[in-house]
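Worksheet: one structure, shown below.
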2 protein chains.
Amino acid sequence: MSGKTGQGRKFNVEDALEAATLVFWNHGYEGASLAELTHAMGINPPSLYKAFGSKEDLFFSVVDHYNATHGNFMAIAFAEETSGLALMRRLLLEAADHYASASYPGGCLVISAAVTVTPANRHVADHLAKMRNDNIAAMAEALTHDLNARRIPQNTDTKAMAAFVGATLQGMSQQARDGATKEDLTRIANYAITAIGA
Amino acid sequence: MSGKTGQGRKFNVEDALEAATLVFWNHGYEGASLAELTHAMGINPPSLYKAFGSKEDLFFSVVDHYNATHGNFMAIAFAEETSGLALMRRLLLEAADHYASASYPGGCLVISAAVTVTPANRHVADHLAKMRNDNIAAMAEALTHDLNARRIPQNTDTKAMAAFVGATLQGMSQQARDGATKEDLTRIANYAITAIGA
DNA sequence: CAATTCTTGTAGTGATCGTTACACGTATGT
DNA sequence: ACATACGTGTAACGATCACTACAAGAATTG
């Protein structure tokens, strides 16, 4: 299928994806123009469209790339922690570290890149909203394991607790973008940790 | 100065402002086009520019209008509550009511209308960020009154507590946009209330 | 009525949006 | 070397962006 003839791609796809990630992370889906994207990626529009399909396709590739790199602390924590409460605690504290990084845009790309959009791009925002809600549902599931193992009070509303942790994370993301430091975010995280008894 | 001659304005400024508010609230600053704004306001571009100056000027007028109407529960709570802790509690519970309203866009306009923007509109996003930070600073000040009156533990970090409440409110706003119900938000609020002992 | 003044609707401005047609350059396959 | 295949850069596409020039309409003033 893929022939061996032709000029061959002149740029590294991973590098271009990382460059695009920083642009989308900074300015959001609609706030990132093709002109800025291609400039940051060091390529011209036809190369972008050849390699990634469209701006929207590129964005979702970027989201995957983000989740596999800058945002992978979440997936790692989910995989490594056996206790739901310990997972919540770890997510909150590590988010405080990552969201206020000095060398990258503030906050979480999934949380901030498509909050409000043009009606035509509503489905892009909905896609990220679903990822956020799925993440909270996964947190609730982890807490339900604690409940079934009688590690937390039997009257615990695990979905509500997960939603609370998710809301705290989302608020921490915005405050990181608003200038909060790691220490600021850690103090917020610790309040949440206290609230859930983790 | 303002002559009594001429055609006179044919539309009601408050009504137009309210219509524009709903559009900006739904789609954000950049996600709201002039075409959609003028259509919702029932006027044509020249009337909009004559009455409000520019899209940016209109947006800031909308923010003022929002704070004076849909979002005024905040200012009212600040004015009425004497205890900082009671103020935090009230803000959280009332936000749960307002952010998930069925008849209006979800969340808070100040929190969601300009999260990520084009570089050219960065200052608009910064303006809203400042409003959010100022609000948190005002919450911290109210808590400091509690501290000075020895109503809360003397080792309380009032700025951190205010930042935590602010983060929770911001997270609640996003979850409201993501589909959360009043009940969902109230459960989140109650976790935060527990955390700060209000 | 005529003159003045302000707002309105129509219709456009230049700029930028995401996207692509096309020809050139550069590689491989025979 | 020749033919073929693929990515590349240039330059443009129509659509939409925020915004406005302009003239007609509608009110008050003399």
Side-chain angles (χ1 to χ4, degrees), chain A residues 1-17 19-20 23-24 26-62 113-114 116-125, chain B residues 1-17 19-20 23-24 26-62 113-114 116-125:
Chain A
M1 194 58 178
S2 81
K4 301 168 187 172
T5 66
Q7 188 173 351
R9 190 166 284 138
K10 285 186 172 178
F11 64 96
N12 180 277
V13 172
E14 278 297 307
D15 291 347
L17 215 44
V23 176
F24 278 126
N26 250 319
H27 305 308
Y29 175 61
E30 288 184 337
S33 69
L34 256 297
E36 188 179 5
L37 285 166
T38 51
H39 178 261
M41 299 164 85
I43 60 178
N44 291 307
S47 298
L48 188 155
Y49 280 80
K50 193 76 173 177
F52 301 104
S54 67
K55 183 188 179 183
E56 180 177 328
D57 293 334
L58 170 63
F59 178 69
F60 286 130
S61 295
V62 157
T116 52
V117 290
T118 298
N121 289 320
R122 174 63 65 110
H123 66 286
V124 176
Chain B
M1 195 60 178
S2 80
K4 300 166 186 173
T5 65
Q7 189 173 351
R9 189 164 286 143
K10 284 187 171 177
F11 65 96
N12 180 277
V13 171
E14 278 298 306
D15 291 348
L17 215 43
V23 176
F24 279 125
N26 250 320
H27 305 309
Y29 175 62
E30 288 183 338
S33 68
L34 246 82
E36 188 179 5
L37 284 166
T38 51
H39 178 262
M41 299 164 84
I43 60 178
N44 291 310
S47 298
L48 188 153
Y49 280 81
K50 193 77 172 174
F52 301 105
S54 67
K55 183 187 179 185
E56 182 177 326
D57 292 334
L58 169 63
F59 177 69
F60 287 129
S61 295
V62 158
T116 53
V117 289
T118 298
N121 289 320
R122 173 65 64 111
H123 67 286
V124 176

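Naming: A, B, ... by sequence-line order, numbering from 1 per chain.
Closest approach to the P45(B) side chain among dC17(C), dT19(C), dT20(D) is made by dT20(D) (side chain taken as heavy atoms from C-beta onward). The nucleotide whose nearest atom lies closest to any side-chain atom of T5(B) is, among dT10(D), dT8(C), dT4(C), dT4(C). Candidate nucleotides dT20(D), dT19(C), dT8(D) were compared by shortest atom distance to the side chain of Y49(A), and dT19(C) ranks first. Between dT8(C), dA18(D), dG9(D), one nucleotide has an atom nearer to the side chain of S47(A) than all others, and that is dG9(D). Of all nucleotides listed (dC6(C), dT8(D), dT19(C)), dT8(D) comes nearest to the side chain of Q7(A). Minimum atom distance to the side chain of P46(B) is reached by dT8(C), of the listed dC19(D), dG7(D), dT8(C). Comparing dC17(C), dG7(D), dA26(D) by their closest approach to the side chain of K50(A) singles out dG7(D). You'll find that the side chain of S33(B) is closest to dC17(D), out of dT26(C), dT19(C), dC17(D). Relative to the side chain of L34(A), the nucleotides dC19(D), dT7(C), dT19(C) differ in distance, and dT19(C) lies closest.
Atom OG1 in T116(B) sits 10.5 Å away from atom CZ in F24(A) (nearest 0.5 Å). Here S33(B) contributes atom OG and H39(B) contributes atom NE2; the two are 11.0 Å apart, rounded to the nearest 0.5 Å.
The distance between atom CG of L48(B) and atom P of dC17(D), rounded to the nearest whole Å, is 14 Å. Between the P atom of dG25(D) and the NZ atom of K10(B) lies a distance of 10 Å, rounded to the nearest Å. Between the CZ atom of R9(A) and the P atom of dC6(D) there is a distance of 12 Å, rounded to whole Å. Distance M41(A) CE to dG9(D) P: 13 Å, rounded to the nearest Å. Distance I43(B) CD1 to dG25(D) P: 21 Å, rounded to the nearest Å. The CG-P distance, from N44(A) to dA11(D), rounds to 11 Å in whole Å. K55(B) places its NZ atom 17 Å from the C1' atom of dT20(D), with the value rounded to the nearest Å.
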Trace of the side-chain hydrogen bond (donor to acceptor under 3.5 Å, both in side chains) decision for N44(A) with S47(A): CA-CA 6 Å; N44(A) 291 307; S47(A) 298; 5.8 Å; no
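Between S54(B) and G8(B), it is S54(B) whose nearest contact on DNA chain D lies nearer the 5' terminus. Position along DNA chain C of the nearest nucleotide to F11(B) versus G53(A) favours F11(B) as the more 5'-ward residue.
The side chain to side chain contact (heavy atoms under 4.5 Å, CB included) test with Y29(A) is passed by exactly one of V124(A), T118(A), V62(A), L58(A): V124(A).
Using a 4.0 Å heavy-atom cutoff across all strands shown, A120(B) reaches no nucleic acid atom at all.
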